[in-house]
Structure formats: structure tokens, C-alpha cells
Amino acid sequence: MSLLVFKILKPSLTFHGVQYNMKKEKLKQAMLLHATGFGFLSEKTSTMTSKQAKLYLELHSSTNTRIRNKQFHAIMSCKGKSISLDQLKSYGLEMIQHLGYGENPVLIYGHTDTHNNHVHIITSRVDVNGRKISHHFERKRSAEILSRLLGSDRNENFKHDLAEVSMHRGTTMRQLQLLWELKGYQVKASEKGLTLFKYGTIAGYMTDDQVQSFLKAANISTGVKKIMALLYKYKNHYAVKPKPLPANYSTANFQYKTELTDFLHQRFGLQFLFFKHKDHEMPYGYTIIDHNQKISYQGSLVMKIAELLSDTVIQDQLFHSIESPMIPTKCCVTE
């Protein structure tokens, strides 16, 4: 994850983002950090209700009846707690000022419900004069603004990410693509290799030689046996049913998790990434990334997904029939 990430959510017909954030506030998982442009309500933000804030934003937006989706909702986040909520708020205010929303009524909520500090920014896509605020190339513009705010060198960032990805080995192009997606890139394959996109622009390239180097996996049979042994050892002790999905506004890319896969990720650096169709609850396949050994495995080579997600108790003799892996005393997981 980059030092700072700014994500614009889909425009909405209603200002339901206000209700979502105030609900989080009641659960002690969020706090109102900033509220301006709400007239007399701005003077008593501690008692302003979601109904009042939504009504004010609706009245502000009603001056332009041609705009259907009036809500602007974005998330500014960082890795872990590396940037405080107050600093994220300041970055968010600068961002919306440059995007043209600075004179509007604006709400910013700080969230503490995930491992990564993040703030939600809500305003209207209608300006104070009733004109629609331009959304053309909004994501690309926000990436450029963010880059200027941080003074970051994108080339150096990409070189760092390329070096990390190049240390991994796998057996399929999909596994390589997943590694890049985990770092926030979009991937386009060609005969010459991979073109990597970030924030709507080309960030860099991975040559065909580098791709082929990734596909020349080390001896995966040993790794398969070790992971299989871990699954047989711990499958009876940790739940295999899916954990609740993150909230609608989560920035998580891969949502399907179980207590077992979370444990194996945290303890042994084995990250399970599941694939599922949009309209299906259960996944149809998965990949395992061993972050310690930097090798990716096709899940079906380790254990069929139906068996992995089954709560059938595994008999002890089945576990003992598999060679036990060497269990490290310490494990450093790199996300």
C-alpha cells in the first residue's frame, strides 16, 4: 500500500454516506473531524443529526435539478497508523479544495474500525452557485494532486514495487497479476510483458524476461506438502466458514476470509486469495501466497476448495500420514 491512498466512491442519488458515518460514530468506530458550510448547524456539530446533515446537503444540491447523483464520497487512507487522522483530514481538505469542492458544505469523519487509519469525506457535486462541479478525469486529477501533495517520485515507487514483486515466484500469470493488484496496480498483458497502471496512468512495465523469471517457480512440491500439513494440523481448530464481509465502504480488495486462513496468514505468512463470481456466495477457487518464501501456489494443488471450506473433522491419522513442516518460532509477514 502506498503512503497515502485517495479513493473516490461511486456517485450516489442520496446522501446515505452521512447516515453510514454517523452510525459508525454511535458505535464508537468513527468521529466527526470537520464540518463546514452547514450554516448555523456548523456551530453545533456535536448535536447535528444525520437527518439534519442530509437535509442540508439535499437543500444545497436542489439548486441544480439536472444532476441526478449528487453525493460526492471519498476515502483518504494510509498504511496502518503511519499518518494520524488529523493529518489525513488536512490532506483531504487540500484534495477537495483542488478538485473544486472547497466552498461546499463538507463533512470529514475519522475511522478507527480497521487496521489502517482512514477518513471519509462527504459533500455535494453541486457548487454554491448551483453549477455542477466538473468530474471529468477526476480520478486522474486526484492522483496528480496527491502526488504533488506528497512530493512523491512515482518512478522510485514503481521501482521499489517491481523489485519486491520480482523476488516472488509462481506458476501462473494470474498469480503474478494478484501480486500487482495487492499493491494497487491494474495489469494489462502483451507479448512484450506487462503494462502496469496506477491512478489511471501507466506506472511502468514488467518485461517478458521478468515475467518468465517469475513463472520459473522453485521446487513447489516441498512447499505444497508443508502447506497441506499445516491445513491438516489446524483445520480442526479454526473455523472454515466465511467471516462477515467488510462494510460497503471498505477498501479491501479481497473480502472472503475465514478464521483458519486469517490464522495461517498471521502465523505463517500464508495469504489465501479466493475467487468467486459476483452473484455467488461461495468461491470457486483460490491462490496461496507464501510471503516468507515468496512463492505463489495454485490452491487446488494443495487442497480442493470443497475440502478446505468443509467443516468435516479430519481424523488424526490423516494428519500423521503427511510429513510435518518445520514450524518457525518467529514469523515476519509482509503484506
Side-chain angles (χ1 to χ4, degrees), residues 1-12 17 33-34 36-37 67 69-80 82-111 116-129 131-165 177 179-188 190 193-206 249-253:
M1 184 176 184
S2 301
L3 174 64
L4 199 59
V5 173
F6 184 73
K7 181 178 181 180
I8 300 175
L9 304 178
K10 291 183 179 180
S12 172
L33 301 176
H34 180 86
T36 56
I67 302 175
N69 295 316
K70 296 179 171 62
Q71 177 181 257
F72 174 90
H73 191 170
I75 299 174
M76 179 79 78
S77 61
C78 67
K79 186 172 183 177
S82 58
I83 302 177
S84 70
L85 292 178
D86 192 58
Q87 287 175 300
L88 287 175
K89 178 198 73 175
S90 297
Y91 280 125
L93 287 172
E94 285 195 66
M95 177 66 73
I96 60 173
Q97 182 70 41
H98 288 293
L99 288 175
Y101 297 93
E103 303 302 319
N104 276 12
V106 176
L107 293 170
I108 300 181
Y109 288 87
H111 283 240
N116 299 321
N117 276 351
H118 63 284
V119 298
H120 285 242
I121 305 165
I122 304 166
T123 185
S124 170
R125 290 186 172 274
V126 179
D127 70 13
V128 293
N129 297 311
R131 295 189 297 262
K132 184 181 188 301
I133 297 172
S134 176
H135 68 282
H136 294 299
F137 305 107
E138 196 168 54
R139 286 176 172 79
K140 182 178 180 180
R141 286 191 289 126
S142 65
E144 293 171 348
I145 294 166
L146 188 62
S147 182
R148 291 199 301 270
L149 290 177
L150 293 175
S152 62
D153 186 334
R154 289 192 182 184
N155 290 332
E156 289 301 316
N157 289 341
F158 177 75
K159 288 179 182 178
H160 178 268
D161 291 339
L162 177 61
E164 285 194 345
V165 171
Q177 182 178 348
L179 287 172
W180 281 111
E181 289 177 355
L182 286 172
K183 291 183 175 296
Y185 291 85
Q186 292 79 48
V187 184
K188 183 178 180 181
S190 69
L194 301 179
T195 304
L196 289 312
F197 297 84
K198 203 166 192 180
Y199 308 123
T201 60
I202 295 177
Y205 302 89
M206 191 173 194
Y249 298 123
S250 170
T251 58
N253 288 323

Task: Any residue meeting salt bridge (Lys or Arg N to Asp or Glu O under 4.0 Å) with Lys159, in chain and number order, not counting sequence neighbours - done: Glu156
Task: From Leu182 atom CG to Asp161 atom CG, the distance as rounded to the nearest 0.5 Å - done: 11.5 Å
Open item on the list: Once rounded to the nearest 0.5 Å, what's the spacing between atom CG of Leu88 and atom NE2 of His118?
Closed with: 9.5 Å
- [ ] For residues Lys198 and Leu196, determine if any side-chain heavy atom of one lies less than 4.5 Å from a side-chain heavy atom of the other.
- [x] no
- [ ] Could you list the residues that satisfy side chain to side chain contact (heavy atoms under 4.5 Å, CB included) with His160, not counting sequence neighbours?
- [x] Glu164
Open item on the list: Using side-chain contact (heavy atoms from CB on, under 4.5 Å), reason through Lys7 and Met76 one step at a time and then give a plain yes or no.
Closed with: CA-CA 7 Å; Lys7 181 178 181 180; Met76 179 79 78; over 6 Å; no
Task: Nearest non-hydrogen partners of Val128 and Glu103, listed with the distance - done: CG1-O, 3.4 Å
Task: Counterpart residues, side chain to side chain donor-acceptor pair (under 3.5 Å), relative to His98 (two or more places apart) - done: none
Open item on the list: Under a 3.5 Å distance rule, please check whether Asn104 uses its side chain to pair with a backbone N or O of Val126 as donor and acceptor.
Closed with: yes
Open item on the list: Could you work out, with ring-ring contact (aromatic ring centres under 6.0 Å, His included) as the rule, every residue matching Tyr101, not counting sequence neighbours?
Closed with: Phe72
Open item on the list: Restricting to side chain to side chain contact (heavy atoms under 4.5 Å, CB included), what partner residues turn up for Gln87, sequence neighbours left out?
Closed with: Ile83, Ser84
Task: Least distance between heavy atoms, Ser142 atom then Ile8 atom - done: OG-CD1, 4.2 Å
TODO: First locate atom CH2 of Trp180, then atom CG of Leu162, and finally report the distance between them rounded to the nearest 0.5 Å.
DONE: 4.5 Å
Task: Side chains of Ile121 and Leu107 in contact at under 4.5 Å (non-hydrogen atoms) - done: no
TODO: Any chance you could measure Gln71, atom CD, to Leu9, atom CG, to the nearest 0.5 Å?
DONE: 8.0 Å
Task: Inter-residue atom distance Asn117.CG - His111.NE2, 0.5 Å rounding - done: 11.5 Å
TODO: Compare every heavy atom of Gln186 with every heavy atom of Gly184, then report the nearest pair and how far apart it is.
DONE: O-NE2, 3.8 Å
Task: Check: Lys79 main-chain N/O paired with Asn116 side-chain donor or acceptor under 3.5 Å - done: no
Task: Asn129 backbone acceptor or donor facing Asp127 side chain under 3.5 Å - done: yes
Task: Residue pair Leu194 / Gln177, side-chain heavy-atom distance below 4.5 Å - done: no
Task: Flag side-chain contact, heavy atom, 4.5 Å: Arg125 against Glu138 - done: yes
Show which side-chain atoms of residues 89-96 pair as donor or acceptor with protein atoms under 3.5 Å away, not counting sequence neighbours.
| from | atom 1 | to | atom 2 | distance (Å) |
| --- | --- | --- | --- | --- |
| Lys89 | NZ | Asp86 | OD1 | 3.3 |
| Ser90 | OG | Asp86 | O | 3.2 |

- [ ] Hey, could you give me the NZ/CZ distance between Lys183 and Phe158, rounded to the nearest 0.5 Å?
- [x] 11.0 Å
Task: Test salt bridge (Lys or Arg N to Asp or Glu O under 4.0 Å) applied to Arg141 - qualifying residues, sequence neighbours left out - done: none
TODO: Identify the two heavy atoms, one from Pro105 and one from Gly37, that lie closest to each other, and give their separation to 0.1 Å.
DONE: CB-O, 3.4 Å
TODO: Using side chain to side chain donor-acceptor pair (under 3.5 Å) as the criterion, list what pairs up with Ser12, not counting sequence neighbours.
DONE: His16
Open item on the list: Could you report the tightest heavy-atom contact between Ala203 and Tyr185, atom names first, then the distance?
Closed with: CB-CE2, 3.7 Å
